[in-house]
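What follows is a short report on a single structure.
Everything numeric in this text was worked out from a predicted model, so none of it was measured. Computation of the quantities below employed the complete heavy-atom set of this structure, encompassing side-chain atoms and omitting hydrogens, waters and symmetry-equivalent molecules.
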Amino acid sequence: MPTILGQNQYGKAENRVVKITRDGDTHHIKDLNVSVALSGDMDDVHYSGSNANVLPTDTTKNTVYAFAKEYGIESAEQFGIHLARHFVTSQEPIKRARIRIEEYAWDRIATSDNNSKFIGSDEVNHSFVRKGQELRTTQITFDGENWEVLSGLKDLTVMNSTNSEFWGYVKDRYTTLKEAYDRILCTDVASVWRYNWTSDDDRMPNWEKSYAQAKKHILQAFAETYSLSLQQTLYQMGSRVINSRSEIDEIRFSLPNNHHFLVDLEPFGLKNDNEVYFAADRPYGLIEATILRDGVEPKIPVDMTNL
């Protein structure tokens with residue numbers, strides 16, 4: 001039975017690029033991990049090995065670094081848009097470009113107030129410490145006419161030490177979990193949201209501000225929701241973002257329930273009054289859902305995890 005070629009793409013994955021912007025003695029860092037995937041008229045290279053339509057992946061790597069110099073990195077989204085537009089418009093065989101970017105954040109190190117005998121401590125604006133919080137993500141897709149921008153974050157660990165319950169659930173002969181009326185709620189937030197900007201004719205969002213505001217609303221909703229289930233908290237987080245940010249139409253979350261179990265201290269003659277817990281890393285409940293603006297069709301892939 002004959003075979004035919006299905007969906008295919010190629011590119012250079014995980015190009016690590018660090019851009020230092022020097023504003024006098026004050027420096028700024030953008031630290032990205034950029035993956036390029038290109039698709040289009042690529043039948044011949046698969047069927048016969050002809051590379052006539054193939055832009056080398058090494059060239060895509062070089063383009064990432066050259067663009068960091070030529071255009072700078074205002075935001076991960078803007079950088080990805082520059083790259084996607086370039087590959088589709090400069091190479092006729094390429095019909096679609098997908099740029100995935102992870103951004104590693106850095107904080108400026110605050111120096112001491114006292115005078116330094118080595119260097120003026122109040123003049124140090126070039127020292128940084130890697131943030132230990134979330135990893136910012138974005139995926140830019142361009143087909144020559146339409147844009148799709150998916151941004152988000154992952155590995156944002158949050159915890160409520162109270163104001164969380166879990167009871168009234170289905171019980172069968174395999175159920176051993178005790179109902180909880182005051183529990184720890186902890187999760188590692190992974191989220192992707194979709195912007196409704198799809199055309200160069202439309203006004204482009206302020207990517208940096210939008211990301212910061214979306215993260216803020218996610219955190220505030222987590223903190224301010226009295227939770228009867230992690231699903232309820234997830235819905236409130238998504239609704240807060242959709243209702244507060246007009247440029248975002250859809251948001252999806254993948255939230256592991258990082259269980260914290262009370263330790264039995266009675267063998268030691270001690271009473272554990274919701275004070276000492278065992279933090280279990282696995283197995284864990286995994287709660288996933290998409291929140292949409294009313295009337296919007298879902299487009300974010302549901303397979304955010306491998307589970």
Side-chain angles (χ1 to χ4, degrees), residues 1-17 32-103 136-152 192-205 207 210 247-252 290 292 296-304 306:
M1 185 174 181
T3 62
I4 61 172
L5 179 67
Q7 191 278 337
N8 61 89
Q9 61 192 34
Y10 80 103
K12 188 72 82 175
E14 300 201 42
N15 301 279
R16 292 287 280 106
V17 55
L32 307 183
N33 187 25
V34 182
S35 294
V36 177
L38 309 175
S39 55
D41 297 334
M42 298 295 160
D43 288 4
D44 285 348
V45 68
H46 290 86
Y47 289 137
S48 68
S50 170
N51 293 310
N53 287 347
V54 175
L55 182 72
T57 63
D58 188 69
T59 302
T60 67
K61 174 203 69 177
N62 293 341
T63 305
V64 169
Y65 294 114
F67 272 38
K69 170 62 178 179
E70 290 185 57
Y71 296 101
I73 303 177
E74 177 184 319
S75 66
E77 289 84 356
Q78 188 63 60
F79 191 61
I81 287 169
H82 280 310
L83 288 169
R85 190 192 308 277
H86 166 78
F87 290 124
V88 172
T89 59
S90 67
Q91 302 295 325
E92 195 278 331
I94 296 174
K95 306 301 182 185
R96 184 175 183 267
R98 188 201 69 198
I99 313 296
R100 284 182 175 170
I101 299 176
E102 297 175 333
E103 179 175 349
R136 179 175 172 177
T137 63
T138 192
Q139 175 176 295
I140 312 297
T141 305
F142 182 52
D143 63 6
E145 294 183 5
N146 298 310
W147 295 93
E148 182 184 71
V149 180
L150 304 178
S151 293
V192 175
W193 53 85
R194 180 171 58 84
Y195 289 99
N196 50 37
W197 179 80
T198 60
S199 170
D200 286 319
D201 295 332
D202 300 329
R203 182 177 179 182
M204 191 179 295
W207 306 113
S210 183
E247 72 275 18
I248 297 173
D249 275 355
E250 177 185 7
I251 184 167
R252 183 167 178 81
T290 300
L292 299 156
V296 170
E297 293 294 324
K299 294 184 179 180
I300 297 176
V302 299
D303 57 343
M304 287 181 56
N306 294 322

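- Legend: residues meeting side chain to side chain contact (heavy atoms under 4.5 Å, CB included) with Leu5, ordered by chain and number and at least two apart, are Asn8, Asp43, His46, Tyr47.
- In terms of heavy-atom proximity, Ile248 sits nearest to Ser210 at CD1-OG, 4.1 Å.
- Interatomic distance, Lys299 NZ to Thr198 OG1, rounded to the nearest 0.5 Å: 7.5 Å.
- Contact record, Val64 with Phe79: O-CZ, 3.3 Å, taken as the closest heavy-atom pair.
- What you find for Phe87 and Ala97 is that their closest heavy atoms are CB-CB, 4.3 Å.
- You'll find the side chain of Ile94 reaches within 4.5 Å of the side chain of Met42, heavy atoms only.
- For the side-chain hydrogen bond (donor to acceptor under 3.5 Å, both in side chains) test, no residue two or more places apart in sequence or in another chain qualifies with Glu148.
- Atom CD of Glu103 sits about 8.0 Å away from atom OG of Ser75, to the nearest 0.5 Å.
- Shown here are the side-chain hydrogen bond (donor to acceptor under 3.5 Å, both in side chains) partners of Thr290, two or more places apart in sequence or in another chain: Arg252.
- Asp200 has its side chain within reach of Arg85: a pair of non-hydrogen atoms, C-beta onward, lies under 4.5 Å apart.
- The shortest heavy-atom contact between Thr138 and Ser151 is OG1-OG, 3.0 Å.
- The two atoms that bring Pro301 and Leu150 nearest to each other are CD-CD1, 4.4 Å, heavy atoms only.
- Residue-environment remark: CD (Glu145) stays at or below the threshold of 12 foreign heavy atoms within 6.0 Å.
- Environment of CD in Gln9: crowded, with over 12 heavy atoms of neighbouring residues, nucleotides or ligands closer than 6.0 Å.
- Here the CG atom belonging to Asn33 is positioned 11.5 Å from the OG1 atom belonging to Thr137, to the nearest 0.5 angstrom.
- A distance of 13.0 Å separates NZ of Lys95 from CG of Leu38, quoted to the nearest 0.5 Å.
- Side-chain N or O atoms of Asp143 include one that pairs as donor or acceptor with a backbone N or O of Asn146 at under 3.5 Å.
- The distance between the ring centers of Trp207 and Tyr195 falls below 6.0 angstrom.
- Residue Leu55 holds its CG atom at 11.0 Å from NZ of Lys12, rounded to the nearest 0.5 Å.
- Residues Glu77 and Met204 form no side-chain contact, since every pair of their non-hydrogen atoms from C-beta on lies 4.5 Å or further apart.
- Checking each of Thr63, Thr59, Asp58 against Lys61 for a side-chain hydrogen bond (donor to acceptor under 3.5 Å, both in side chains) leaves exactly one that passes, namely Asp58.
- With Trp197 contributing its side chain and Glu247 its backbone, the two residues share no donor-acceptor pair below 3.5 Å.
- A ring-ring contact (aromatic ring centres under 6.0 Å, His included) check over residues 48-72, counting only residues at least two apart or in different chains, returns the pairs Phe67-Tyr71, Phe67-His86, Tyr71-His82.
- With sequence neighbours excluded, the residues satisfying side-chain hydrogen bond (donor to acceptor under 3.5 Å, both in side chains) with Asn196 are Asp249.
- How far CG of Leu32 is from CD of Glu14: 13.0 Å, rounded to the nearest 0.5 Å.
- No donor-acceptor pair under 3.5 Å is formed between the side chain of Asn53 and the backbone N or O of Pro93.
- Arg96 places no side-chain N or O within donor-acceptor distance of the main-chain N or O of Phe142, the cut-off being under 3.5 Å.
- Residues that satisfy the salt bridge (charged side-chain N to carboxylate O under 4.0 Å, His left out) test with Arg194, not counting sequence neighbours, are Glu250.
- Residue Pro298 comes nearest to Leu292 through the heavy atom pair CA-CD2, 3.8 Å, listed as atom of the first residue, atom of the second, then distance.
- Counting heavy atoms from C-beta outward, Val45 and Tyr10 have side chains that stay 4.5 Å or more apart.
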